Amino acid sequence: MSNKKPFLVDAIIGNSKFLASLGRSGKMYRLWWPNIDLPQHVDAIRTGIQFENSAVSWFDEAAEGWSHEAAYVPKTNILSVSARSEQQPVGIESLHFAVPDQDLIVREYTFTNTGDKPVSFSFIVHSSFVVTENQLYNTTMFNATDDALVHFRHKYYFALSSANVCTGYHAGLAWDAVQNGELNGNNIDMRPDGALKWSIESLAANSSVTIPVYITAGHDESGALQQMRTAKSKASSEWIAETTSYWHNFIAAAAPCPIEDAEIAELFDRSLLMFKLMSDEQTGSIIAAPEFDENFVRCGGYSYCWGRDAAFITTALDKAGLGSLSDSFYAWTLTAQSPDGSWQQRHYHDGSLAPSWGLQIDEGSSIIWGMWQHYLEKKDSRFAELVWPAVEKGAAFLMSFLDAETGLPRPSIDLWEEREASHTYSSAAVYGGLTAAASFAELAGRSDLAKAWTAAAERISNSITDLCWNEEGGSFYRGINLTVNASKYEQAAATGATGKITEANKGYKKHVLDHDPVLDISLLGIAVPFEAVHADHDYMRRTADAVEAALTVPGVGGIKRYEDDIYIGGNPWILTTLWLAHYRIQTGSIDDAKRLLKWAIDHRTETGLLPEQVDKNTGETAWVVPLTWSHAMFILTIFMLAEAEAKAAQ
């Protein structure tokens, strides 16, 4: 078994059915199939070279004297990695990608003799498949007919082979035993590990040899091996050409980058390519990020579909000309809606409920809002008819969730999934959802519903300005009726805060503060995108200024989520910084928005992906690569900027 997997990865490859995460050295850490959220099958796949009478030198390890450069081939999801070591006379160039419409991953390795005399060595691949992340009952075997190592458990089979016939193999060879490169020809073992070896004899100085390694998948052995035969039916150069053409056509069919700037255009393309990999081909679900914390060590996991994230993402997809992915997503939302009309916190690709910690009322509201944004792109009546039953049920649930006294939604969990209150952002999202639902109702000829939902939305808007404004703090409250623990309640009461202690289920006490005064970037959502209060309203302007003053990170820059944030150290986020850019564009502060945009661009990773967070001390990537919502906020920012500048030029 490998050492602990890294939280941070450097690249992803995939084809909306396969998804894999890799380090900048090309080491593969995780591999999902046949859906992009689960199951995950790889412990690690490692690559090394071995000279006679020496141990294996693992060239996907920085610790062994190897240095690496990694980059995507422009306008593709093909990762290129260069490995060099002053201690070795061989340089290695590799390409890593999944072939569209095939259950096939190609990893092509080109070895070049960088010395001045011929060299002989072996190329070794050690593969460890913990299929479905289950440590039990994994089997590894060698299929001599197809010259392939096969890993399987239950109905998941993975074959690993090359167009070049291997010169050695070993099924059941553990990581600590492969270091000397001795492969003994063991044919089968109930262990997750195995290795293949290819011998390279007398490679002349300045000469190169290429060995492609193929990984194929199937639900039985014959399926995985038939895909392997297909892989070997073409040269790896043909698979590269086909895959390159596919991604070039994908980019060409999308909308052009709306801003003429090479750096922005490059990140625009990378965002579109990443969106495709985050969208599940079979179901239409869109995940927040490839999973990286499968043991829930520092968070609750990311490889799920959140309706809120996806509403921002699909709005960006529509702007970028990728509306077909939005079509698939909103068809998927119909499978994820609960019988009561709600959409819960997050879901798996098949629409079933993922691990959850309570209703977030903004999730379903955002989905309905996003449906209307999607409808506005093409005014497709068939789409409106398709989603109308779900919209009607969803809006009815939102109406049932409103507090009769305040007109605001009752307490639920906030968008950061940390506290229960009647959150101002969530209230604005419900405003957006009901307003969108009313528009669908008009299309459906239900003016009675449209009238009722519009009236409820207007009351929410009025209640936000009446009940959620904090004059003393010069901003909106983050929420009202905030649930806290007993000690925090006592501390707040000692400083003059007001609240109440109520009785919950089974006689348990619930401590509720009347107001949550913490400044939070999500307060901008009141105006952008939900428009519950106009962006130019004095309350919104004062809130935005207070948010920027309180949440700008000294030195590194960028905007953190809220004042007392401690998650992963309380860092600035890409999406929060761009959220402020959205607001500044909306209110005409274009130069401020460009400065915030530049910060986000400057903090992308080496391979051009946008993370979730940037370290508040070093400015380096801190958490989650890539975050789909970060890329969505970037796309929305540049389209908003382009529209604002076009309007100003008129």
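In what follows, every heavy atom counts, from backbone to side chain, and hydrogens, waters and symmetry copies are set aside. None of the values given here were measured: they were computed from a predicted structure.
Applying the salt bridge (Lys or Arg N to Asp or Glu O under 4.0 Å) definition to pairs two or more places apart or across chains, those involving residues 213-230 are Asp146-Arg229. Among pairs with a residue in residues 104-129, none fulfils salt bridge (Lys or Arg N to Asp or Glu O under 4.0 Å), at least two apart in sequence or across chains. Counting only residues at least two apart or on different chains, the salt bridge (Lys or Arg N to Asp or Glu O under 4.0 Å) pairs with a member in residues 71-85 are Lys75-Asp269, Arg84-Glu93. The salt bridge (Lys or Arg N to Asp or Glu O under 4.0 Å) analysis of residues 18-30, with sequence neighbours excluded, yields the pairs Arg24-Glu606, Lys27-Glu61, Arg30-Glu294.
Taking the six-membered ring where tryptophan is involved, the planes of Phe123 and Tyr109 are tilted, since the angle between them lies from 30° to 60°. Aromatic ring orientation, Phe250 versus Tyr246: parallel (interplanar angle below 30°, classes split at 30° and 60°).
Separation of the Trp32 and Phe18 ring centroids does not fall under the 6.0 Å cut-off. Aromatic pair His347/Tyr304: centroids not less than 6.0 angstrom apart.
Looking at residues two or more places apart in sequence or on another chain, you find a side chain to side chain contact (heavy atoms under 4.5 Å, CB included) between Leu317 and Phe275, Ile286, Ile313, Thr314, Leu322, Leu325, Ser326. Qualifying side-chain hydrogen bond (donor to acceptor under 3.5 Å, both in side chains) partners for Asp103, counting only residues two or more places apart in sequence or in other chains: Lys17, Trp33. Under the side chain to side chain contact (heavy atoms under 4.5 Å, CB included) criterion, Ala235 pairs with Ser237, Glu238, not counting sequence neighbours. Checked against side-chain hydrogen bond (donor to acceptor under 3.5 Å, both in side chains), Thr621 has no partners two or more places apart in sequence or in another chain. In this structure, the side chain to side chain contact (heavy atoms under 4.5 Å, CB included) partners of Ser245, at least two apart in sequence or on a different chain, are Asn249. Listed by chain and residue number, nothing satisfies the salt bridge (Lys or Arg N to Asp or Glu O under 4.0 Å) test with Asp615 (two or more places apart in sequence, or in another chain). Remark: Val99 pairs with Phe97, Gln102, Leu104, Val106, Trp239, Thr243 by the side chain to side chain contact (heavy atoms under 4.5 Å, CB included) rule, at least two apart or across chains. For Lys234, the salt bridge (Lys or Arg N to Asp or Glu O under 4.0 Å) partners at least two apart in sequence or on another chain are Glu242.
Note on Glu291 versus Lys5: no salt bridge recorded, every NZ/NE/NH1/NH2 to OD/OE distance being 4.0 Å or above. Salt-bridge check for Asp414 with Arg419: passed, with a basic side-chain N closer than 4.0 Å to an acidic carboxylate O.
Looking only at side-chain heavy atoms (C-beta outward), Asn15 and Glu281 stay at 4.5 Å or farther from each other. Contact annotation: the side chain of Gln50 never approaches that of Ser57 to less than 4.5 Å [non-hydrogen atoms, C-beta and beyond]. Using a 4.5 Å heavy-atom threshold, the side chains of Val125 and Lys197 count as separate. Taking the side chain as every heavy atom from C-beta outward, Val56 and Val178 never approach each other to under 4.5 Å. Put simply, the side chain of Lys232 reaches to within 4.5 Å of the side chain of Ser161, judged on heavy atoms. When side chains are defined from C-beta on, Trp573 does not count as touching Lys560, because their heavy atoms never get closer than 4.5 Å. No side-chain heavy atom of Leu196 sits under 4.5 Å from any side-chain heavy atom of Ser162. Under the 4.5 Å side-chain criterion, counting only non-hydrogen atoms from C-beta, Phe121 is not in contact with Glu201.
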Q.
Apply ring pair (Phe, Tyr, Trp, His ring centres under 6.0 Å) to residues His151 and Tyr157 and explain how you reach the verdict.
A. CA-CA 6 Å; His151 299 267; Tyr157 286 73; over 10 Å; no
Q) Could you walk me through whether Arg604 and Glu263 pass the salt bridge (Lys or Arg N to Asp or Glu O under 4.0 Å) check? A) CA-CA 11 Å; Arg604 66 195 188 281; Glu263 199 172 37; 3.6 Å; yes
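A cation-pi arrangement, defined by a distance under 6.0 Å to the six-membered ring centre and an angle within 45 degrees of its axis, is absent between Arg308 and Trp343.
Here the OG atom belonging to Ser356 is positioned 7.0 Å from the CZ atom belonging to Arg346, to the nearest 0.5 angstrom.
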